[in-house]
There are 2 protein chains.
Amino acid sequence: MVDRVVPDVIVSRLPVYLRALQFMQMQAVTTTSSQDLGSKVNISAAQIRKDLSQFGEFGKQGTGYNVEALIAHLEKILQVEKVWDVAVIGMGDMGHALTRYGGFLNRGFRITDCFDNDPAKIGSQAGQYIIKDVADIGKGDCLRGKMVMLCVPAAAAQKIANKLVECGVKAILNYAPVHLSVPADVRVQYIDPVIGLQRMAYYLHEKNE
Amino acid sequence: MVDRVVPDVIVSRLPVYLRALQFMQMQAVTTTSSQDLGSKVNISAAQIRKDLSQFGEFGKQGTGYNVEALIAHLEKILQVEKVWDVAVIGMGDMGHALTRYGGFLNRGFRITDCFDNDPAKIGSQAGQYIIKDVADIGKGDCLRGKMVMLCVPAAAAQKIANKLVECGVKAILNYAPVHLSVPADVRVQYIDPVIGLQRMAYYLHEKNE
DNA sequence: ATAATATTGTGGAAATAATCACAAACTCGC
DNA sequence: GCGAGTTTGTGATTATTTCCACAATATTAT
């Protein structure tokens with residue numbers, strides 16, 4: 001394996017592999033194969049082997065992969081062996097739901113700060129967090145190096161994204177249903193349930209009602 | 001344009017175009033071009049034109065596209081000119097957040113039913129909905145032809161998915177952080193914030209703390 | 001009218017991604 | 001220790017996707 005840029009499409013599959021492997025681990029499975037893992041994530045065995053070969057040789061012929069070891073490798077590759085601090089911006093229903101979600105910590109993330117622009121919310125408690133003022137984002141470099149989950153209304157998203165970029169945020173998980181324009185060195189991942197539903201609606205044959 | 005199967009990758013971009021166009025419409029923009037739209041969704045102009053050419057000729061040389069007309073075409077193509085009934089299964093924080101989200105209706109969807117397995121929740125009111133018993137999903141064909149947003153814990157997701165498949169559900173928006181095994185004619189879209197965060201963590205250079 | 005400018009739709013080229021297929025290496029049972 | 005059965009990692013092939021470039025057509029300015 002020579003040192004070259006790994007295609008995005010491969011990187012994007014690694015978390016899926018990791019999730020499946022951790023699920024196996026929870027069920028006390030110690031060993032798997034590209035075949036087995038592939039059947040569990042609906043990806044061909046060859047594809048999985050090719051993907052992993054970008055980063056090293058983690059398997060053993062005849063046996064397959066040690067689940068725990070492969071998890072460790074993937075966590076290292078994805079840089080989630082340690083825990084990243086993440087801020088939530090916008091404490092509506094979605095922001096609140098995220099703060100109450102228990103699934104972050106054991107997968108490499110922890111929410112450290114919550115922000116909103118509503119004076120009624122600022123200073124109030126949301127679970128273990130005290131909601132801070134969005135206006136304070138610019139002050140200090142409280143967000144530098146952090147990742148952000150952006151849960152504000154569509155109309156406010158771009159403006160806040162600009163501010164985040166200024167503050168040195170390099171990764172935004174965007175729940176607002178709009179495209180964000182950011183510099184090339186800032187990553188954005190989009191979560192919009194309607195996009196998901198529309199992608200499926202195309203394939204449905206009968207309409208309801 | 002001849003009648004052929006449209007690649008998934010193209011279909012998956014159409015909702016993104018549609019969302020951007022509706023955003024333009026909201027701002028009273030009447031006309032756009034592949035160039036302009038492309039800059040707003042970070043996709044090349046040529047790509048957009050090629051994608052649209054799969055379905056017909058919607059633009060005018062020299063002018064570009066009429067926003068309203070292109071929206072109408074895309075809605076037709078995606079089958080979201082009318083409104084699909086969607087059920088929410090699992091009324092935890094995420095399920096509740098979805099029922100309170102106002103962004104579905106004008107994009108082709110409406111929540112009609114909510115289910116949970118917690119006796120304390122069944123029968124109670126959640127906004128305008130009365131929470132039904134998950135055990136009743138099998139009874140009647142209340143879900144036939146519907147789409148489902150699945151918001152149950154990971155451990156329960158596959159079991160419920162199986163039940164949904166039996167009931168004739170053909171589209172599942174899965175919020176549970178597990179892969180679902182379903183027949184080939186059932187579509188699944190995944191929403192897992194951690195997958196999104198991990199995909200970005202790979203590219204980050206400095207670790208926090 | 002004409003020239004300058006803008007934009008589409010698309011054939012073909014280039015780039016990227018997925019799949020195939022197999023030598024090499026390991027395990028297991030006897 | 002040997003043969004049958006597994007499984008990896010990868011070079012080569014095939015398939016898919018993206019990009020380029022341009023003729024055709026429309027708009028705008030003068």
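To find a chain, count down the sequence lines: A is the first, B the second, and so on, and within it residues start at 1. None of the values given here were measured: they were computed from a predicted structure.
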Interatomic distance where CD1 belongs to B:Ile48 and P belongs to C:dT8 [whole Å]: 9 Å

- prompt: Side chains of B:Glu166 and B:Asn162: do they bring a donor and an acceptor to under 3.5 Å?
  reply: no

field: Closest nucleotide among C:dA17, D:dC19, D:dG9 to the A:Pro7 side chain
entry: C:dA17

Atom pair distance, as rounded to whole Å: NZ in B:Lys50 and C1' in C:dA15: 14 Å

- request: Please figure out whether A:Ala46 or B:Val9 has its closest DNA chain D nucleotide nearer the 5' end.
  value: A:Ala46

query: Distance check: side-chain N/O of B:Arg13 vs OP1/OP2 of D:dT18, anything under 4.0 Å?
result: yes

- request: Could you list by number each residue of residues 33-44 of chain A showing a heavy-atom separation from DNA chain C of less than 4.0 Å, or answer none if no residue does?
  value: A:Ser44

task: Give the rounded distance in Å between these two atoms: CD of A:Gln47 and C1' of C:dT19.
output: 9 Å

field: Heavy-atom donor-acceptor pair, A:Tyr129 side chain to A:Ile111 backbone, under 3.5 Å
entry: yes

message: Is it the case that the side chain of A:Arg187 and the backbone of A:Ala171 share a donor-acceptor pair, with hydrogens and angles ignored and the cut-off at 3.5 Å?
response: no

query: Whole Å only: how far is the CD1 atom of A:Ile10 from the P atom of D:dT10?
result: 13 Å

message: Counting primed atoms plus P, OP1 and OP2 as sugar-phosphate and everything else as base, spell out the protein contacts along nucleotides 22-30 of chain C at 4.0 Å heavy-atom distance: B, S or - for each nucleotide, 5' to 3'.
response: --BBBS---

field: Length of the CD-P vector between B:Gln54 and C:dG11, whole Å
entry: 12 Å

- request: Among B:Asp116, B:Asp118, B:Asp113, find the residue that satisfies the salt bridge (Lys or Arg N to Asp or Glu O under 4.0 Å) test when tested with B:Lys132.
  value: B:Asp113

Crowding at CD, A:Gln35 (>12 non-hydrogen neighbours, <6.0 Å): no

query: Do any side-chain nitrogens or oxygens of B:Tyr65 fall under 4.0 Å of OP1 or OP2 in C:dA6?
result: no

task: Only one of B:Tyr17, B:Phe55, B:Phe58 passes ring pair (Phe, Tyr, Trp, His ring centres under 6.0 Å) with B:His73; say which it is.
output: B:Phe58

field: Short side-chain to backbone donor-acceptor contact, B:Asp8 and B:Ser12, under 3.5 Å
entry: no

- prompt: Are side-chain N/O atoms of B:Asp36 and B:Tyr65 paired as donor and acceptor at under 3.5 Å?
  reply: no

- prompt: Within this structure, what is the CG-to-C1' distance between B:Leu52 and C:dT8, rounded to whole angstrom?
  reply: 11 Å

- line: Between CZ of B:Phe58 and P of C:dT10 the distance, given in whole Å, is 11 Å

task: Quickly work out the B:Asn66 CG to C:dT8 P distance and round it to whole Å.
output: 13 Å

- prompt: Are more than 12 heavy atoms from other residues, nucleotides or ligands located less than 6.0 Å from atom CD of B:Gln25?
  reply: yes

